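Only one structure is covered here, and it is reproduced in the block below.
Quick note: numbers below take in every heavy atom, side chains included, and nothing from hydrogens, waters or symmetry partners. None of these values were measured; they are calculated from a predicted model. Naming convention: chains lettered A, B, ... in sequence-line order (proteins, then strands); numbering from 1 in each chain.
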Protein chains: 2
Amino acid sequence: MTQSTETTSYKDIKQTVLGRIRSGEWRPDTLMPNEEDLAVEFSCTRTTVNRALRELAEEGFLERRRKAGTRVSSAPQRQARFTIPLVRDEVEAMGGTYRYALVSAQAETAPEWLAARLALTPGQRVVHVRCMHYSGNTPFQFEDRWIVINSVPQVEQADFSAIGPNEWLVQTVPFTNVELSFLASRADATLAGFMDVTEGEPVFTAERITWLQGQPVTLAKMYFAAGYRMTTRL
Amino acid sequence: MTQSTETTSYKDIKQTVLGRIRSGEWRPDTLMPNEEDLAVEFSCTRTTVNRALRELAEEGFLERRRKAGTRVSSAPQRQARFTIPLVRDEVEAMGGTYRYALVSAQAETAPEWLAARLALTPGQRVVHVRCMHYSGNTPFQFEDRWIVINSVPQVEQADFSAIGPNEWLVQTVPFTNVELSFLASRADATLAGFMDVTEGEPVFTAERITWLQGQPVTLAKMYFAAGYRMTTRL
DNA sequence: GCACTCAATTTGTGTAGACTTGAAATTTTT
DNA sequence: AAAAATTTCAAGTCTACACAAATTGAGTGC
């Protein structure tokens with residue numbers, strides 16, 4: 001049998017099943033028919049049903065256990081998927097013209113809080129880069145970044161006046177592990193100056209720590225413009 | 001051939017490919033071998049390779065286009081996946097004892113900003129619920145929520161003194177669409193009182209709008225305790 | 001009543017092969 | 001040289017079947 005004219009695709013099955021959940025036909029905790037029965041109902045193979053259900057489970061709508069079967073998720077522990085674009089892309093997506101400006105870049109001994117945060121041995125040296133990302137002439141993001149020299153020796157020769165440290169790192173170092181946090185911080189005097197907000201103002205902030213095979217590579221603090229919100233649709 | 005003793009699983013392939021990316025063997029933008037060739041290399045079927053690559057692409061490591069082939073993502077790690085647990089789960093996961101307290105609940109006409117935000121017809125009525133979530137006796141989250149009566153008529157009979165509006169809604173209304181935002185806001189006098197922070201302090205805030213088949217159901221603003229950060233590892 | 005064993009059931013994952021689809025590359029036409 | 005039609009290739013998806021692995025539930029022995 002070919003799939004030519006009238007096959008049920010795994011996408012159709014996903015849609016139908018989702019519909020039954022949303023309509024209330026299959027309420028939370030309901031045990032649904034097993035894959036074989038569904039395959040008969042949709043007149044396709046179990047493989048196709050399996051893919052549909054597997055994806056729905058991954059998206060948090062279903063819970064599946066061998067032998068126990070598949071049931072509708074009761075506490076839909078929903079997963080939000082945020083796209084974290086490069087600043088340039090984010091600015092351009094909003095119709096702005098991206099502009100980058102280096103503020104400062106210098107090698108120094110890692111301050112204590114940073115050494116503690118990244119589990120560095122005391123006295124390790126880092127490159128501290130500060131830079132601005134603009135949308136047109138409007139401040140969009142202030143980036144405060146430290147790069148561990150031991151992990152990325154080439155960084156001492158890097159020139160951050162034209163290319164941002166993030167883009168440089170992405171091209172240079174493959175990384176294995178990332179920790180990303182979002183928080184609300186308050187604008188200090190420096191930040192207020194750069195971002196054109198009043199001191200003390202709440203600022204949406206992202207922090208990103210990157211490792212390469214267990215070695216800490218970089219910590220970046222990114223401060224967004226006033227009123228910034230990170231939005232996603234599920 | 002059976003998969004009995006020494007088969008290459010799609011997981012093995014994922015691992016190997018990831019390793020090659022991380023080691024720098026396959027740099028960003030590199031065009032990798034096509035599925036058939038990889039199937040030969042790993043001595044498995046194309047189906048298995050396909051699944052491995054498909055998942056890696058979904059995770060953001062690869063970019064695939066028909067005919068053009070598969071290449072290593074140049075801006076990897078673009079998707080962060082946050083699990084959004086119920087407050088109760090989040091508190092308990094941190095070892096705290098969850099406690100809920102209703103602050104106020106009343107039916108009212110939707111204020112203009114809300115009507116505009118949810119595209120309500122003027123004069124529509126909503127139930128406005130405010131409540132606190134504690135970890136032990138420490139304030140954890142202040143929840144400010146509006147529920148559209150038209151979309152959920154049962155809400156007028158609901159009793160939110162024992163069960164939180166979120167848990168009530170999850171049990172009552174299947175929802176089809178969610179918009180989730182994170183932002184930094186400043187604590188006003190009311191919030192400062194409930195959350196035990198000083199007025200003007202930055203507060204990490206999540207806003208969540210939910211629809212049921214195009215009908216707006218609820219808008220929730222959730223204000224987190226001082227110092228809260230939402231963290232994920234990729 | 002309790003612990004143990006074992007078979008049945010259900011999802012998980014693999015093989016082998018074929019057709020479909022979208023987009024890049026090439027050729028033909030204007 | 002530019003535009004349009006055609007070919008070709010790689011990913012996308014389906015069929016059909018098989019064995020693997022986890023867990024449940026029933027049966028057995030004490």
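Within residues 39-47 of chain A, the residues having any heavy atom under 4.0 Å from DNA chain D are, by residue number, A:C44, A:T45, A:R46, A:T47.
When each of D:dG12, C:dG14, C:dT11 is scored by its nearest atom to the side-chain atoms of B:T48, the top-ranked nucleotide is C:dG14. Taking every side-chain heavy atom of B:K67 into account, C:dA24 is the closest of C:dA24, C:dT13, D:dA11.
Judged by distance alone with a 3.5 Å cut-off, a donor-acceptor contact links the side chain of A:R66 to the base of C:dT11.
Here A:N50 does not reach the OP1 or OP2 of C:dT11: none of its side-chain N or O atoms lies under 4.0 Å away. Between A:R54 and C:dG12 there is no side-chain polar atom (N or O) within less than 4.0 angstrom of OP1 or OP2. Contact annotation: B:Y10 does not reach the phosphate of C:dG14 (side-chain N/O to OP1 or OP2, under 4.0 Å). A close approach under 4.0 Å does occur between a side-chain nitrogen or oxygen of A:R65 and OP1 or OP2 of D:dT24. In this model, the phosphate group of D:dT13 is approached by a side-chain N or O of A:K11 to a distance below 4.0 Å at OP1 or OP2. The phosphate of C:dG14 (OP1 or OP2) has no side-chain N or O of B:T8 nearer than 4.0 angstrom.
B:S151 places a side-chain N or O within donor-acceptor distance of the main-chain N or O of B:P216, the cut-off being under 3.5 Å. Formation of a donor-acceptor pair under 3.5 Å by the A:Y228 side chain with backbone atoms of A:F140 is not found in this model.
Here C:dT21 presents its C1' atom at 14 Å from CD of B:E35, a figure rounded to the nearest Å. Distance CZ (A:R51) to C1' (D:dT15): 15 Å, rounded to an integer number of Å. We find that CZ of B:R71 is positioned 11 Å from P of D:dA11, with the value rounded to whole Å. Put simply, CG on A:D37 is 11 Å from C1' on C:dT10, counting in whole angstrom units. Counting to the nearest Å, the C1' atom of D:dG12 and the CD atom of B:E58 are 13 Å from each other. In this structure, the CZ atom of B:R64 is 10 Å from the P atom of D:dT13, given to the nearest Å. Summarising the geometry, the separation between CG on A:N34 and P on C:dA8 is reported as 17 Å, rounded to the nearest angstrom. Rounded to whole Å, the distance from CD1 on A:I13 to P on D:dT13 is 13 Å.
Rounding to the nearest 0.5 Å places OG of B:S73 at 8.5 Å from CG of B:D29.
Remark: aromatic rings of A:F182 and B:F204 are distant, center separation not under 6.0 Å.
For A:A68 and A:S9, each mapped to the nucleotide of DNA chain D holding its nearest heavy atom, the one lying further toward the 5' end belongs to A:S9.
Under a 4.0 Å N-O distance rule, the pair A:K11/A:E55 does not qualify as a salt bridge.
Taking the salt bridge (Lys or Arg N to Asp or Glu O under 4.0 Å) definition, one finds that B:R66 meets it with nothing, sequence neighbours left out.
Within the 4.5 Å cutoff, side-chain heavy atoms of A:Y223 are placed close to those of A:K221.
Here the rule is side-chain hydrogen bond (donor to acceptor under 3.5 Å, both in side chains) with A:Y98, and of A:R88, A:H133, A:E90, A:E92 only A:H133 fits it.
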